[in-house]
Protein chains: 2
Amino acid sequence: MNTLNVNKIYYGDSLFLLADSNVFPDDSIDLIFTSPPYADKRITSYGGVHPNKYVSWFIPIAAHLKRILKPRGSFILNIKEHPLEGERQTYVIELILELKKQGWLWIEEYCWYKKNCFPGKWPNRFRDAWERCLHFTKRSDFSMYQDAVRVPIGDWSTKRFKSMSEQDYIRYISKNNKHMTRNVSNWLGKKTVNPHNVLVFEEEHFLYPSNVIESATQCSNRNHSAPFPLELPSWFMRLFTEENQVVLDPFLGSGTTAAAAILLNRKYIGVEIIPEYRTQIENCISEVESLKNGRKHYLIR
Amino acid sequence: MNTLNVNKIYYGDSLFLLADSNVFPDDSIDLIFTSPPYADKRITSYGGVHPNKYVSWFIPIAAHLKRILKPRGSFILNIKEHPLEGERQTYVIELILELKKQGWLWIEEYCWYKKNCFPGKWPNRFRDAWERCLHFTKRSDFSMYQDAVRVPIGDWSTKRFKSMSEQDYIRYISKNNKHMTRNVSNWLGKKTVNPHNVLVFEEEHFLYPSNVIESATQCSNRNHSAPFPLELPSWFMRLFTEENQVVLDPFLGSGTTAAAAILLNRKYIGVEIIPEYRTQIENCISEVESLKNGRKHYLIR
DNA sequence: GTTCCGCATGAATCGATAG
DNA sequence: ACTATCGATTCATGCGGAA
C-alpha cells in the first residue's frame with residue numbers, strides 16, 4: 001500500500017528518492033519547506049551546484065515536489081543568490097520563471113529580514129541582510145491559517161510593556177532577558193494584528209523558551225553552510241499547516257526543519273544527501289524531542 | 001554645444017526626450033533614481049502600462065538611460081510587482097534579465113522595508129511591506145560613497161552643532177516643532193551603525209531639521225499621493241553621488257526626487273509625461289528651495 | 001510642557017456585482 | 001465569457017485637542 005512514513009529521515013538524493021511513488025505517494029505532503037544548497041562556483045563536492053546548472057538541477061526535483069504535495073499545500077523556497085564577480089546572479093529569478101512553466105503558482109515573495117546578519121565590508125556592496133522566501137502552490141485556493149501568526153499590535157519593543165500587566169513587567173525585568181519563562185499567552189491574548197510579508201524575528205525567544213532555542217540553534221549552527229533559525233520554518237508551518245500535518249524538507253541539512261516540526265506537533269520527513277550530517281540530525285532531533293517531552297515548555301499552538 | 005541643462009524639468013515622454021543627445025549628452029548623468037509607473041491591468045490612459053508590455057515598454061527607455069549615464073554612475077530602479085489573479089506578476093524579474101542583456105550590470109537588490117504599509121486583509125496574502133530597489137551600473141568599478149550613509153546621527157550632532165550646546169539645539173528644535181524634543185534627545189545618544197541592503201527609515205526626521213522635513217513632507221505627502229518618502233532617494237543620492245553632481249528621474253511624478261536633490265545640494269533633472277503634475281512639481285520645488293535658501297537649516301553633506 | 005486619546009488616511013487586494 | 005466598478009477589510013502614523 002502506498003502509505004507515507006512520517007517522522008523519518010532519508011539519506012540520499014532527493015532527485016531519486018522522491019521519484020518513488022511507493023514511498024512518496026501523490027498528494028500526500030501538506031507543506032514543503034526547504035533552504036536548498038546555494039549555487040557555488042567552487043567544486044560541487046560539498047553539495048554545491050554550479051550557478052549555470054542550478055535551474056536545470058532543481059527543476060526535475062521540483063517536478064517530484066509538485067507530484068507529492070497536496071493540492072492545497074504550499075511550497076516555501078528559502079533562497080538568496082550570491083554575488084559573482086560583483087553582480088547578483090540570476091539563477092533564482094530564472095528558477096521562478098521555470099517553476100511557473102512547470103505549473104506552479106508563484107503566490108508571494110516573503111522577505112526574511114535578518115537584522116543581525118553576517119558582518120563584512122566591501123567596496124561595492126553592503127552586508128546582505130535579507131533572503132527570499134518564495135511561496136509556490138498548486139492551486140490558488142491553497143490552505144492558509146492566518147490567525148496562527150498574528151502578532152501583538154504595533155511596535156513590539158515599545159508597546160509590549162504597555163499591554164503587559166504590572167506583574168508581567170516586573171517579572172520580565174527581573175529575568176534579565178536570559179529566561180523568558182513568562183507564558184506567552186499573556187501577551188497573545190492582547191490585541192493582535194495580521195503580519196505582513198517582511199519577516200523580522202526581533203526576539204530570539206519569541207516562540208520558544210530559552211532552553212529549547214539554545215539547543216536548537218546550537219545544533220543548527222554547527223558545521224552547516226546555510227543555517228536558519230527555528231523561527232523561520234516555524235512561522236511558515238504555523239501559517240500553512242495544522243497540527244499533525246506533514247512537512248517535508250528535501251534538503252534537510254542539519255535538521256532545523258524537523259526540529260521545528262517536532263516542537264509544533266507536526267510530522268516531519270527529511271531528505272539529506274550528505275551522510276556526514278546524519279549524526280548532527282539525529283542528535284538535533286533526539287535533543288529537541290527530549291526537551292519537548294521531558295520539560296515544562298511554552299508553545300503557541 | 002552639447003551641454004546638460006541642470007535643475008530643469010521636462011514635460012513629455014522619456015522615450016523621446018531622452019533620445020535627444022543635444023539635450024542629454026552621452027555620459028553626463030551621475031545617478032538615475034526613479035520609481036516608474038507600475039504595470040496595470042487597467043486602461044493605459046493615465047500612465048499605466050499593461051503587464052504584458054511592461055518590459056518592451058521599458059527597455060527602449062533604459063537604452064537611453066544607459067547612453068546618458070556616466071561610466072561610473074548608478075541606476076536605481078524602485079519597483080514592486082503587484083498581484084494579478086492571486087499571483088505575483090513576473091514582469092520585474094523579466095525586466096532584470098532583459099536589462100542585463102542590454103549590457104547593464106545587476107549589482108544589487110536593496111529591500112525597502114515599509115513598516116507602515118497599506119492595511120488590508122485577504123484570504124491568500126498579507127500586506128505588502130517591501131519594495132525592490134534594483135541597482136544597475138555600466139561598469140563594475142562604479143562610484144560608491146559608503147561613508148555618506150554610514151555617518152549616523154551621533155556624528156551629525158557633534159560635527160554640525162559643535163558650536164551649539166546640546167541644550168541649545170534641543171531648544172532650537174523645540175521652538176519649531178513642539179513634538180520633537182523627545183526624539184532629538186534620543187538621536188544624540190545614538191551609536192553608529194553599519195548599513196546593509198535592507199532600508200528601514202525608522203526616524204522620519206533623520207536627515208533634515210524639523211522645519212525642512214515638515215514642509216517637504218507636506219509638499220510630497222499631504223497634497224498629493226507620495227509614492228516614496230524623501231528619505232529613499234536621499235539615501236541613494238548620498239551613497240552614489242557627491243555634492244553638485246547630477247541626478248535624473250525620468251518618471252518624476254510629484255517631484256520627490258528633485259526635492260531630495262535640492263536639499264542635498266545635488267543638481268536635478270526630471271521628466272514627467274503627465275501635464276497635471278506640473279503645478280505640483282513646481283510648487284514642491286519652489287517650496288523646498290525657499291525653505292533651503294531662506295531659513296537657517298542643517299543638512300548632512 | 002507633556003501625555004493621551006480619537007480620527008483621518010494612504011502606489012492595496014479580493015470577490016461580488018453589473019454591464 | 002470577459003471587463004469594469006464598488007464595497008469590505010485593515011493598521012502605522014501624524015495631527016489636533018483635551019486633560
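Being a predicted model, the structure only gives us computed values, none of them experimental. By convention in this document, chain letters (A, B, ...) are assigned in the order of the sequence lines, proteins followed by strands, and residues within each chain are numbered from 1.
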### Message
For B:Glu81, give me all partners under salt bridge (Lys or Arg N to Asp or Glu O under 4.0 Å), at least two apart in sequence or on another chain.
### Response
B:Arg132
### Value in whole Å for how far the P atom of C:dA11 lies from CD1 of B:Ile274
15 Å
### Task
Take the protein atom NZ of B:Lys114 and the nucleotide atom P of D:dT10, then report the distance between them rounded to whole Å.
20 Å
### Task
Using the test ring pair (Phe, Tyr, Trp, His ring centres under 6.0 Å), find all partners of A:Phe75 that sit at least two apart in sequence or belong to another chain.
A:Trp104, A:Phe136
### Task
Select base, sugar-phosphate, or nothing to describe what B:Pro36 touches, counting heavy atoms under 4.0 Å on all strands.
base
### Message
With heavy-atom distances below 4.5 Å as the criterion, would you say the side chains of A:Glu231 and A:Trp112 are in contact?
### Response
no
### Task
List in chain and number order the residues that pass side chain to side chain donor-acceptor pair (under 3.5 Å) with B:Lys66, two or more places apart in sequence or in another chain; answer none if no residue qualifies.
none
### Task
Apply side chain to side chain contact (heavy atoms under 4.5 Å, CB included) to A:Asp27 and list each qualifying residue two or more places apart in sequence or on a separate chain.
A:Pro71, A:Lys138
#### Entry: D:dA19 to C:dG1 separation - C1' atoms, rounded to the nearest Å
13 Å
## Note on the structure
Per-nt protein contacts along nucleotides 12-19 of chain C (heavy atom under 4.0 Å; B base, S backbone sugar-phosphate only, - none) come out as BBSS----
### Query
Parallel, tilted or perpendicular: which describes the rings of A:His135 and A:Phe240, with under 30° parallel and over 60° perpendicular?
tilted
### Query
How far, in whole Å, is D:dC15 from C:dA11 if one measures between their P atoms?
15 Å
### Secondary-structure notation, DNA chain D, from Watson-Crick and G-U pairs under 3.5 angstrom (| other strand)
.||||||||.|||||||||
### Query
How close or far is atom C1' of D:dC11 from atom CD of A:Gln146, stated in whole angstroms?
15 Å
### Query
Rounded to the nearest Å, what distance is computed from the CD atom of residue B:Gln89 to the P atom of nucleotide C:dA11?
19 Å
### Message
Could you work out, with salt bridge (Lys or Arg N to Asp or Glu O under 4.0 Å) as the rule, every residue matching A:Asp128, not counting sequence neighbours?
### Response
A:Lys80, A:Arg88
#### Entry: Rounded distance (Å) that lies between atom C1' of C:dA11 and atom OH of B:Tyr54
12 Å
Mind listing the side-chain donor-acceptor pairs of residues 90-97 of chain B below 3.5 Å, one per line with the distance, residues two or more places apart or on another chain?
{"from": "B:Thr90", "atom 1": "OG1", "to": "B:Glu94", "atom 2": "OE2", "distance (Å)": "2.8"}
{"from": "B:Tyr91", "atom 1": "OH", "to": "B:Ala39", "atom 2": "N", "distance (Å)": "3.4"}

#### Entry: Partner set under side chain to side chain contact (heavy atoms under 4.5 Å, CB included) for B:Phe118, not counting sequence neighbours
none
